[in-house]
Every structure is written in structure tokens, then in C-alpha cells.
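Report on the structure given below.
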Amino acid sequence: MSKRPPQSTPSSTPKAKKSKNSGKGQLQLDSFFGSPSKRGPSSTSSAIGQKTLPVPIDVDALDDDGATQTSMRRPALPPAPASPARQAQPSAVDGASGTPRKAIFVFGAKVVEPEKLTFHPIDSDPVFYDPHAQPWTPTGAPYSFLAHTFTTLSQTRSRIAIINSLTNTLRTILQRHPPSLLPALYLLSNSLSPAYIGIELGIGSSVISKAIQQVSGLSAAALKQLYTTTGDVGDVAFEAKSKVRTLVPHPPLTIQHVYDSLLKISASKGQGAAKAKERIVEKLLVAGSGEEVRFLVRTLTLNLRVGAVRTSILTALARAFVLHGPPGNSSAGGGHSGSPYASNGLLQRIQPLPTDNKKKGSEDAAREELKVLFTGAEGLIKQVYVRHPCYDDIVHALLDHDLSHLADRVPLSVGIPLHPTLGSPTRSLDEIYERLGDLSFSAEFKYDGQRAQIHAERGEHRKVSTRIFSRHLEDMTTKYPDVVLLVEELLQLSPSISSFILDAEIVASDPTTEELKSFQELSNRARKDVQLSDIKVAVSVFVFDLLYLNGESYLQRTFRERRQALKPNFPPHSPANATLARLRHVESCESDEGQMAVQEFWERALESRCEGLMVKVLDYEPVEPGEGAKFKQGTKSRKKVLPATYEPDKRTSAWLKLKKDYVDTIGDSLDLIPIGAWYGNGRKASWWSPILLGLWDPETAKPVAVCKCMSGFTDVFYKSLLERYLVNSDTCSQQPEWDADFGGFRPDVYFRASEVWEIRGADITESPVSVAARGLVSESRGLSLRFPRFMKVRVDKGVEQASTPSFLASLWRKQQKAPTGTSGGVDDGDLIDADVEESDEFDEEEESDSEEGLDA
DNA sequence: TTACTGTGCACC
DNA sequence: GTTCCGC
DNA sequence: GCGGAACGTGCACAGTAA
Ligand SMILES: Nc1ncnc2c1ncn2[C@@H]1O[C@H](COP(=O)(O)O)[C@@H](O)[C@H]1O
């Protein structure tokens, strides 16, 4: 077999440069080719928020008004820049329309022909905006145009360049074929619909692999080889297809068609779905040419890796509209004073300028003006999006109405999830005080469950409709009928409440004692269409925020105010049936109670089966007059102050989190032996990643695999690994040359056990794959590590001093110990358990201790 | 019908 | 989920 | 500090084989 990446060329530099990469829906390498697998998909159909959005995005409607809209949209007309057509770009850009390109615009990093500058207020860019281009009718915007954008994006990491390219792309589509804007946004963001609609492709490695084989005629082995080399399935497809001669030219793909094909893939379900999906994929691959194929496959693979996912797109969308002007404006540019759009006059004051020098006085003033418009529109669009994350609604509003009405037309809505506030990691309480200075804050238990954004509203006859959304905005209402019931009871008890949005954590808990259970137990719940009667894992709902109440948004209120409204309106509640969901409030401690109290609270959190603390600023921090940004004063660090409002568009991580595994002195680490690895993907192609790690089992005198690890390594470290583990050397082999128990892990290559690394994790888990410590706590399953990451090399340790299965088992037992307090309790003294040991020495048998679980 | 297994996708 | 990197 | 990109674990589901 052909593997090849990190081999030879010691000290080689990874090829990483070329691509930017990627994302997350990873394909399983192993299955990518090799296997005879097939298997179908599982798609989900959508449940929709009561508020709207036709389930399948309403594509047809777009088609309908397409033509008309197109014709009414006229580009702004700055004086034509008399620049020669740009032939140089082979591209795609023009291909489909047949319009010779005249104006260009370039800038960005790599512009080669300075004389080509065209009028473009924001700098040059390889994706040209041509104010005189003809509409893309009747066919619609060509996919090759997007492919060209993708190619351009993937050649730089500069945010500025990325945003410029995106802006020109969107502006161009807006000008030449507005109906393509929406599908273009979905393709650019590598999604099919808002998350809460729940449209999934339902294809994975097997379908894509087979389609590529089919279309290219190459064998699975050949493709695997390409994959190993490139670390990107899209690149594989591109290479594979480039070897194929196409005899019959295909009509060009359009953006709309590609998007529709994706919807078709996701709509195909049931028997034979896999085949049907595969056929659609094949058609796309056949019809695509050149770069299109690369990006089609990356799209299908949910792995666009182009350096733009969300924020950049929103920024560009805002700019494109500012430049394009208001709807229905045939003379371009909005422009009266106070308009959010750029006027023609303003645009004209910005001359094409050579990329290398952006100077000039009056022009600077114009650019300054434009920048102000940009900033305003960007802030607006981001805010609207975060509160109502739906491109359909936003685009429709933008196409039909003035920017200044956007917030009203696309408001925070019950039934549509908003983006959640997150927490950024901190290393200690000291760091928290350091960052917050003397701001008042509340520290809360950080429960180990699942985020839930709960929406409810009374409809006709006061009938309650409830939706529950996950952290990633998926609709999981049907997973929690018990919580839905809880909500109904709450509303029965509080007749004056007509609607609300709560932020909460759902945690598995014992139905009788309410003892908190682990995340792993929560994850045993069924996910689809759960019936009340077959719920096996009872939960508590710990509410911590109130975002909307009785028709009113609370997002701009301070946390102190939101919490003050939360407590009386949503008191704790336990349904008569104890196996149903309970409503609880998170435990909290205020900074006013003093540093000592906070310290004790943190210790209590750790003893209560919580991950740690979540720390939230309570009050609005006044800004010094004349000061632009809000900075904390006091310490020299001058970090931006955290907002007390719920506005993730301004600061996604407005809270601070402190978890035990972030703290050096506590938290478990293991000393593990690298015993194998896989070929990395994307940015890490040509490096070993992830790495397979093992314990040392003194009984068998060999390593036993425990987990994979890919986090915590620096690029420099990766490079050094290549030298230490050169494939086909005496430290690294494609065969399992050195005896070890690999359990269910099948790495691409095997390492000779020779070093020991300190690996930190958050928890020990029971694993279906690992066989580490199997027999010690479970006969069938081994133990593994949650959130493993590399800390450092233990140069002082030999392989035989690595952590052992019995040590791992002891950590597991310690973790299973009952918490000292229960969730409702107020009292309970606590001692700080000093018994958390570092893994230095092995095998420390824990003192077992009897469960204690309940108390008043 | 049942049991197995691969796999997509979702949490964390 | 964690972490690293470039901007 | 942001935005993005690498990937971790493990579940229930859906298809297939029995
Ligand atoms: N009291 C709390 N406040 C906010 N988030 C919490 C709280 N308790 C648990 N969480 C969870 O912690 C998550 C953020 O932590 P992390 O995912 O580690 O960054 C949130 O998405 C919540 O699901």
C-alpha cells in the first residue's frame, strides 16, 4: 500500500501551505476507500420552528422572481475604467456568461497587473467586480464563479483579502442574478439550511468514494493513495477527474442547480437512498470541471476549508449591500444622507488605485466614510443574524427592504434559536479576578450536561408550543418530551406568562435523590421521537438565563436584571412524577460574598460532579466618555471588558469558564506512550495526526492503546515527530511490528514504544473501542479519556514508567465517587480534597469510600 | 424477526 | 469539546 | 482576541445478514 506522507526528508516542511483547511465532518480514512462498506444514510427530516421557513428551502420561489428582479437591479455606474479585459484569469468567472470581462479589480495580496485596477472602493481583489457585467440570465449564476471564489479564498489567510473576495463575489451575484444570492450563501457557508431546520446530506465516505471511483475510473487503492498524499478528499477528486478526458462538454453548473442537488440528496431517504444519493453525486462530479470538482466534493464532505465560514460571510454580505444600494434603486447607490448605503457620489470619489499605494487625501476621506457605512452595516447584520440565524429570512428582507428595516423584519423570535453566549477558558480563580478587576460577578456551577435553549409560547386557546434547541441550534424538541411537559406545567402554574426563552443546562440525574449523573449517562438517551413512556434517563433542567419574556427581549439587559426576572418567574418545580424533568436553578455565588466564599464555592463545585465554574459579569460597565473601547482599568493588561448583556455578536465568549482540568495543580493526567498514528488531513497533511497513545501494562509487558490525541501539539513538535518516526524506519512501520494491544484502534502506522508523554484529560470514559484496563472496571469495555491533549514530553520517564491500567482504573473509581453535596443544598462544609494525585507514581489504590448520596 | 456492524452526526 | 495558528 | 482549522469520544440509527 501506498502510504506516504511523512517520510523521508527529515525536517521537511509540511505541505501545509497550500490549503487552508478544514473542518469537521471528517471522513473516516479507513473507510474512505478500503472498505466494501456501503450503508446508508440516515437523514432526518425537519421539524420546523413554528415560525416559518418552509422545510425545504423554498427554492422555487426564488426562481420565480428571478428574472424580474434581475432586470431591475442596475449596478452603480462609476465611470468605466477603461481597463482592458483581463484575460489572464482563465477563469471561470466569465466562462458562463460569455461576457468579456472588462473591469477588474484586484488587489489583495497578489495582484499582478496594476493597471487593471478598476473602480472598487475596497481595494483590489482577484475576484472581480465588474459594474458593467450583464445579468446572468436566464441560466443563473454559474457555479464556476463560486469555485473561482473558493480557489481565491484558499490561497490566502488574510482576513482582509478573504473579506474582499467575498464582498466582490456577493456584490457581483447581487448585481447579476439576485436569486442566486441565497443558494450562494448556503454554499459559501457550507450548509444547506439553518441548523434548526435539520436538513442533513446523509452521505459519508462510502458514497463519495464510490462516486469518485465511478466517475474517474480509478481504483479505490489509487484513490486511497491520493488521499494519503493530499489529505483532502476534494483534492483527490480533482486529481482523479483531471485524468479523465471528457468528450462531451456539459452545460455549466449553476449555483442554484448545485444547491438544489444537495437538497435532493438530503431529501432522498429510505430504501435505496444510498444509491440515489450516489447517483446525484456522480452527476455533479460529471458535470463539474476543474476546480469545481474539488469544491463540490469538499462541499459534500462538509469540509470546505476555505477560511470563511460565518463571520467573514456576514461581514461581506453587509458590505455587498452597502455597495449595491437599496432595493429597487435603479440608479445605484443609496445615498441620501443618513442612508446606510454608499452613494454614487461617494463611490466615485474612490478612485481605482494601485494596490501598493493607498494614499491620497480626499480619497482617504471617502474611504473613511465608506468604512463607517461598512461598520454600521456589519454590526447590524451580525446582530440580526445572531438573534435570528436564518439566511433565508435575512436575504429576503435585504432584497425587499431597506437595510434600516432589517432588525424589525428579522427579529428575535420565539421558535427560532439565537446564538448562545459561550465561555472562554481561564486557568485559575486568580486569573478570573485579574480579568474582572472589581467588577461584580456571579460564579455558577458549570454542570456537565447539554445546553438547552427552551422556547415556549401560548397560541390559540392558550395552547403551549415548546421548542428546545441545542448549543448548535439543532432542534431537539423530540428528544426531550419530558422537558416539554415540564414547560407545560410551568405555564399552567404561571398563567401570566405568555412566552419566554430560557437558557439552561439539561443534566442526567437520579429520579429520587436528584444526584447528578455523568454526561456519558445523559448521552444514553434516545434521540429521535422519544416517547415519554420510554425515557430511561431522567433529567434536571438547570436554568441560568432568561432571554425573552412575554413578548419582550431581555438581551440588552444586564445579567443581574435578567436573573432577577428569571428567579421569581421560573421557580423550581418538580412534577408529581419523579421520572419527569425537574426545573432547578443553577447554584451560584457572588463576588460580593468575598474571595474566600468564591474559593469555597469552586471547591464545592468540583465535589458536586460539576465541571467547574461559569463566571458572569453582572452589571453594565460604564464607558469613560471619549473612550472608544471598553477596557478594564486597574491592571495593566487592559483587556476588553466583558459585557453583562446577552449579545454574542459583540462578544461570543462573554463568560469565563474554569474547569479542574485547566488548572495545573489539579486534574488528572496520564503518562502515555505514542504507539501509532494516522496520516493527517488538511493543514496537518504530511504530519502524523492524530497519534495513538497507550498505557504500559506491566503484566503483559506491552503497551495497550487508550486513546488518540491531536490537540496540544505545536507545528514545531509535529515536525520533530516526523524525524523521530520516519515511516519504514526502526521506529515507525506500516505493520504492527512492535507488540501492543491495539483494541479497536487501527492506525495507519505503528510506532516503536520509546517515549512517554504527559496527556491531560477532563474525565475517564468507558469506551467501546479501547481495551485499556478492560476487566478492571468492566468485562466488556475499556477505559479512555475525554478531551485528551498533549502537555509535554516526559523526558524523565522510560516506557515502563508510563501510567498503567490499574492506575487508570483507580482514576475511574475516584471519579465515580459520590459527590459530597447535592444540588439543592446550601450547607455542607467541605474539605478540599487534597487527594488528587498527579500520575507520577502509578498505582495508587484509592481509598474507597462509601457512597453517601443523599441528605436533606 | 433479530442481531450485528458500519456510520453519520450529535453531543460534549 | 481543546488547542494552535495567522492575522 | 477573533476566526478558522485541526481533530478527540461515543451514541443511536439504519442497513444488512442471519
Ligand atoms: N451555569 C452555567 N452557565 C452557562 N453554561 C453552563 C452552565 N453550566 C453548564 N454550562 C454548559 O457549559 C457550556 C460551555 O462550556 P464549554 O462548552 O466547556 O465551553 C455551555 O454550553 C453549557 O452547556
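Numbers restart at 1 for each chain; the letters A, B, ... are given by sequence-line order, proteins then strands.
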Phosphate-side-chain proximity, A:Ser767 and D:dG10, N/O vs OP1/OP2 below 4.0 Å: yes

Touch check for A:Ala762, heavy atoms < 4.0 angstrom, all strands: base, sugar-phosphate only, or nothing? nothing

Check whether any side-chain nitrogen or oxygen of A:Ser711 sits under 4.0 Å from OP1 or OP2 of D:dG8, and answer yes or no. no

Need one value for A:Tyr662: base, sugar-phosphate or nothing, where a base atom within 4.0 Å counts as base even if backbone is also close, heavy atoms only. sugar-phosphate

Consider only side-chain N and O atoms of A:Ser209 and A:Gln213, and report whether a donor and an acceptor are under 3.5 Å apart. yes

How would you label the contact of A:Gly761 with the nucleic acid (heavy atoms, under 4.0 Å): base, sugar-phosphate, or nothing? nothing

Ion pair present between A:Arg525 and A:Asp482, side-chain N to carboxylate O less than 4.0 angstrom? yes

Answer yes or no: does a side-chain N or O of A:Lys684 lie under 4.0 Å from OP1 or OP2 of C:dC5? no

Going by atom types alone, do A:Asp475 and A:Thr477 pair a side-chain donor with an acceptor below 3.5 Å? yes

Report yes if a side-chain nitrogen or oxygen of A:Thr311 is closer than 4.0 Å to either non-bridging phosphate oxygen (OP1 or OP2) of D:dG4; otherwise report no. yes

Output the single nucleotide from C:dC7, C:dG1, B:dT7 whose closest atom is nearest the side chain of A:Ser206. B:dT7

Below 4.0 Å: OP1/OP2 of D:dG3 and any side-chain N or O of A:Arg157: no

Rounding to the closest angstrom, what is the interatomic distance between B:dC9 and C:dG1 at atom C1'? 15 Å

Counting only Watson-Crick pairs (N1-N3 plus N6-O4 or O6-N4) and G-U wobbles (N1-O2, O6-N3), all under 3.5 Å, who is the partner of B:dC9? D:dG10

Parallel, tilted or perpendicular for A:Phe751 and A:Tyr725, by the 30°/60° rule? parallel

Would you say a side-chain N or O of A:Arg781 is under 4.0 Å from OP1 or OP2 of D:dC11? yes

Are A:Arg471 and C:dG1 close enough that a side-chain N or O sits under 4.0 Å from OP1 or OP2? yes

Heavy atoms under 4.0 Å, any strand shown: does A:Ser770 hit a base, just sugar-phosphate, or nothing? nothing

Contact class for A:Leu522 (heavy atom, under 4.0 Å): base, sugar-phosphate, or nothing? nothing

Do the side-chain N or O atoms of A:Thr765 get closer than 4.0 angstrom to the phosphate oxygens (OP1, OP2) of D:dG10? yes

Without hydrogens or angle criteria, can the side chains of A:Ser767 and A:Thr765 be said to hold a donor-acceptor pair below 3.5 Å? no

Base, sugar-phosphate or nothing for A:Lys657? Non-hydrogen atoms, less than 4.0 Å. sugar-phosphate

Whether the side chain of A:Arg527 and the base of D:dC11 hold a donor-acceptor pair under 3.5 Å is what I'd like checked. yes

With a 4.0 Å limit, can you tell me whether A:Lys528 has a side-chain N or O closer than that to the phosphate oxygens OP1/OP2 of D:dA14? yes

Check whether any side-chain N or O of A:Gln520 sits under 4.0 Å from OP1 or OP2 of D:dT9, and answer yes or no. no

Whom does D:dC2 pair with, Watson-Crick or G-U wobble, provided both distances fall under 3.5 Å? C:dG6

Quick one: which of B:dA10, D:dG10, D:dC2 gets closest to the side chain of A:Ser784? D:dG10

Please state the C1' separation for the pair C:dC5 and B:dT5 - nearest whole angstrom. 39 Å

Does a side-chain N or O from A:Arg786 land closer than 4.0 Å to OP1 or OP2 of D:dG8, or not? no

Side-chain N or O of A:Arg789 less than 4.0 angstrom from OP1 or OP2 on C:dT3? yes

Under 4.0 Å between a Lys/Arg side-chain N and an Asp/Glu carboxylate O for A:Asp649 and A:Lys382? no

Quick one: label A:Phe790 by what it contacts on the DNA or RNA (base, sugar-phosphate, nothing), any heavy atom closer than 4.0 Å. nothing

Distance below 4.0 Å between A:Lys277 side-chain N/O and B:dG8 OP1 or OP2: no

